[in-house]
Engineer: 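Right, I'll just put the structure down here and ask away after.
Proteins get letters first, then strands, A, B, ... in listed order; numbering begins at 1 in each.
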Protein chains: 2
Amino acid sequence: MEQNVIDASGLLAVSTRLQRLSDQIRKDGLLIYKAFGIDFQPKWFPVLYTLYKKSTMNVVSLSDEIGYAHPSTISLLKELEKEKLIRSKKDKVDTRKRLVELTEKGTALLSTMEPVWDVIIKATAEITNTQNNLMKAINEVEASLKEKSFLQRAEVYIKK
Amino acid sequence: MEQNVIDASGLLAVSTRLQRLSDQIRKDGLLIYKAFGIDFQPKWFPVLYTLYKKSTMNVVSLSDEIGYAHPSTISLLKELEKEKLIRSKKDKVDTRKRLVELTEKGTALLSTMEPVWDVIIKATAEITNTQNNLMKAINEVEASLKEKSFLQRAEVYIKK
DNA sequence: CAAATATATGTAGTCAACTACATATATTCC
DNA sequence: GGAATATATGTAGTTGACTACATATATTTG
């Protein structure tokens, strides 16, 4: 078993390792959509999937839902609007709000994607259902961090 | 237990989830160095730590070691050179090669960082030693992907 | 041993997220 | 009900990784 210096440094490099794995999975995701002949970018997934499930949302709620800063959401929405996959209208009650929803084209695309998700889910399950389940581990870690941040935990040791 | 749409989509969003967690840990990492009064950016870690452990390396080997594309390494090296934490010289045998090493300042900085790593390791252990160990899960997933890529696994289902 | 190929480094530009700041509209509270 | 505050959206610029391409030097091969 070959071992490089970063792997050997173990916990110190968690962030780097997470990043690398995320990139790898994202790139393969793009290739899978291509294999199905679907013109779709993985980065669109969070926004489109959320609108598919929740139909209409304003920019900030959508950002909160997917866990992005709102400017990131805005630039995705700009792209998706150009692709005519979403449209938006003013909220008549609160005119600050912009309400976003899928177009017919968007809904149609999402429907054709359901079989792809099925494949992605199966392939991901294969990969993550090892002794330590990655998705469960992420959930557990996020739960711990929500309870007490990384910095707060470190501070306990600093003060000793 | 609140549940947002993306979390509910489970496996579909692994890449997004990994990304988010990585960012969160990286940001907290920066704060910890600050708390110790150390002028250090987490992104420098892979390069500096590798040079600390292996003393002298050329650009490509270093990139392979830390798992980065070489232009990424070059731009980090440029920064580190400006900070006078590393220096480089030509390989006399193979003049294409640029040999990189820590300066005295670099070595000194890395020494002062050892106690910080200790804190980071402890805090990370606290977070990742849940029922499903995150580091072990990452190792297991990377091992599966090395054996057979995500795309190859998906293709099996596509062809059915 | 010269031509073809491979390797090492470097530059330029892209990408997908971010933060900081600006503006418009709602809400709250003296 | 006007001033202060909070919220919603938007723009500009940054960041930390990437790919594609360019060039110089080594190595291999006909």
Engineer: Tell me: NE2 of A:H70 to P of D:dT7, nearest whole Å?
Structural biologist: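 Going from NE2 in A:H70 over to P in D:dT7 covers 14 Å.
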
Engineer: I'd like to know if A:R98 reaches the base of D:dT9 with its side chain such that a donor and an acceptor end up less than 3.5 angstrom apart.
Structural biologist: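 Absent.
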
Engineer: Just checking A:Q41: base, sugar-phosphate only, or nothing, at a heavy-atom cut-off of under 4.0 Å?
Structural biologist: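 Result for A:Q41 = sugar-phosphate.
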
Engineer: State, with a plain yes or no, whether a side-chain heavy atom of B:V59 is found less than 4.5 Å away from one of B:L99.
Structural biologist: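 A side-chain contact is absent here, since even the closest heavy-atom pair is not under 4.5 Å.
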
Engineer: When all nucleic acid strands are considered with a 4.0 Å heavy-atom cut-off, which category describes A:K90: base, sugar-phosphate, or nothing?
Structural biologist: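 Answer is nothing: A:K90 stays at 4.0 Å or more from every strand.
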
Engineer: Have a look at A:T95 and say if it touches a base, only the backbone sugar-phosphate, or nothing, with a 4.0 Å heavy-atom cut-off.
Structural biologist: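 Sugar-phosphate: the residue A:T95, judged by heavy atoms under 4.0 Å, touches backbone atoms but no base.
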
Engineer: How long is the line joining CG of A:L99 and C1' of D:dA8, in whole Å?
Structural biologist: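 Rounded to the whole Å, the gap is 11 Å.
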
Engineer: What is the separation between atom CG on B:L77 and atom C1' on C:dG10, rounded to the nearest whole Å?
Structural biologist: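 About 12 Å, once rounded to whole Å.
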
Engineer: What is the distance, to the nearest angstrom, from the CG atom on B:L18 to the C1' atom on C:dA16?
Structural biologist: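 In whole Å, C:dA16 C1' lies 16 Å from B:L18 CG.
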
Engineer: Give a yes-or-no answer on whether the side chains of B:E126 and A:S144 include a donor-acceptor pair shorter than 3.5 Å.
Structural biologist: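 Side chains of B:E126 and A:S144: no pair found under 3.5 Å.
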
Engineer: Apply the side-chain contact (heavy atoms from CB on, under 4.5 Å) test between B:L102 and each candidate in B:V47, B:L85, B:L109, B:L48; give the one that qualifies.
Structural biologist: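 Going through the options one by one, the only one that passes is B:L48.
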
Engineer: Can you figure out which of D:dT9, C:dC18, C:dT25 approaches the side chain of A:K97 most closely?
Structural biologist: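 Of the options given, the side chain of A:K97 lies nearest D:dT9.
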
Engineer: For C:dC18, does either OP1 or OP2 sit under 4.0 Å from a side-chain N or O belonging to A:S72?
Structural biologist: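 The answer is yes; a side-chain N or O of A:S72 sits under 4.0 Å from OP1 or OP2.
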
Engineer: Of the nucleotides D:dT25, C:dT19, C:dA12, which one has an atom closest to the side chain of B:P71?
Structural biologist: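 The listed nucleotide nearest to B:P71's side chain is C:dA12.
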
Engineer: Any idea which of C:dT9, C:dA16, D:dA26 is nearest the B:I74 side chain?
Structural biologist: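 It is C:dT9.
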
Engineer: Counting side-chain heavy atoms from CB outward, which of C:dA26, D:dG16, D:dT9 is closest to A:D94?
Structural biologist: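 The listed nucleotide nearest to A:D94's side chain is C:dA26.
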
Engineer: OP1 or OP2 of C:dG10 less than 4.0 angstrom from a side-chain nitrogen or oxygen of B:K78, does that happen here?
Structural biologist: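 Looking at the OP1 and OP2 atoms of C:dG10, neither is under 4.0 Å from any side-chain N or O of B:K78.
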
Engineer: Do B:L110 and B:W117 have side-chain heavy atoms sitting under 4.5 Å apart?
Structural biologist: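 Result yes, sub-4.5 Å side-chain heavy-atom pair found.
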
Engineer: With under 30° as parallel and over 60° as perpendicular, where do the rings of A:Y52 and A:Y49 fit, or are they tilted in between?
Structural biologist: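 Judged by the thresholds at 30° and 60°, the geometry between A:Y52 and A:Y49 is tilted.
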
Engineer: Can you tell me how far C1' of D:dT25 sits from NZ of B:K92, to the nearest Å?
Structural biologist: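 Distance check: B:K92 NZ to D:dT25 C1' gives 18 Å.
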
Engineer: Can you tell me the distance, in whole Å, between the CD atom of B:Q19 and the P atom of C:dC18?
Structural biologist: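 The answer, rounded to whole Å, is 8 Å.
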
Engineer: When you get a sec, tell me which of D:dC18, C:dT11, C:dT19 is the closest nucleotide to the side chain of B:K27?
Structural biologist: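 Per side-chain heavy atoms of B:K27, the pick is C:dT19.
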
Engineer: Ion pair present between A:K122 and A:D118, side-chain N to carboxylate O less than 4.0 angstrom?
Structural biologist: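 Answer for the salt bridge query: yes.
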
Engineer: Could you state the atom-to-atom distance from CZ of A:R26 to P of D:dA17 in whole Å?
Structural biologist: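 Result: 15 Å.
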
Engineer: Look at the side chain of B:N58 and decide which nucleotide, out of C:dA16, C:dT25, C:dA8, has an atom nearest to it.
Structural biologist: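 Selected nucleotide: C:dA8.
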
Engineer: A:V60 has a side chain; which of C:dA26, D:dC18, D:dT9 sits nearest to it?
Structural biologist: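 So the nucleotide nearest the side chain must be D:dT9.
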
Engineer: Examine the base of C:dT7 for any acceptor or donor lying under 3.5 Å from a partner atom in the side chain of B:R96, and report the outcome as yes or no.
Structural biologist: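 By the distance-only test, yes, there is a pair.
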
Engineer: Which whole-number value in Å describes the distance from A:M57 CE to D:dA8 P?
Structural biologist: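 Spelled out: CE on A:M57 to P on D:dA8 is 12 Å.
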
Engineer: Starting at the 5' end of DNA chain C, which residue's closest nucleotide do you reach first, A:V93 or A:Y68?
Structural biologist: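 Nearest-nucleotide comparison on DNA chain C picks A:Y68.
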
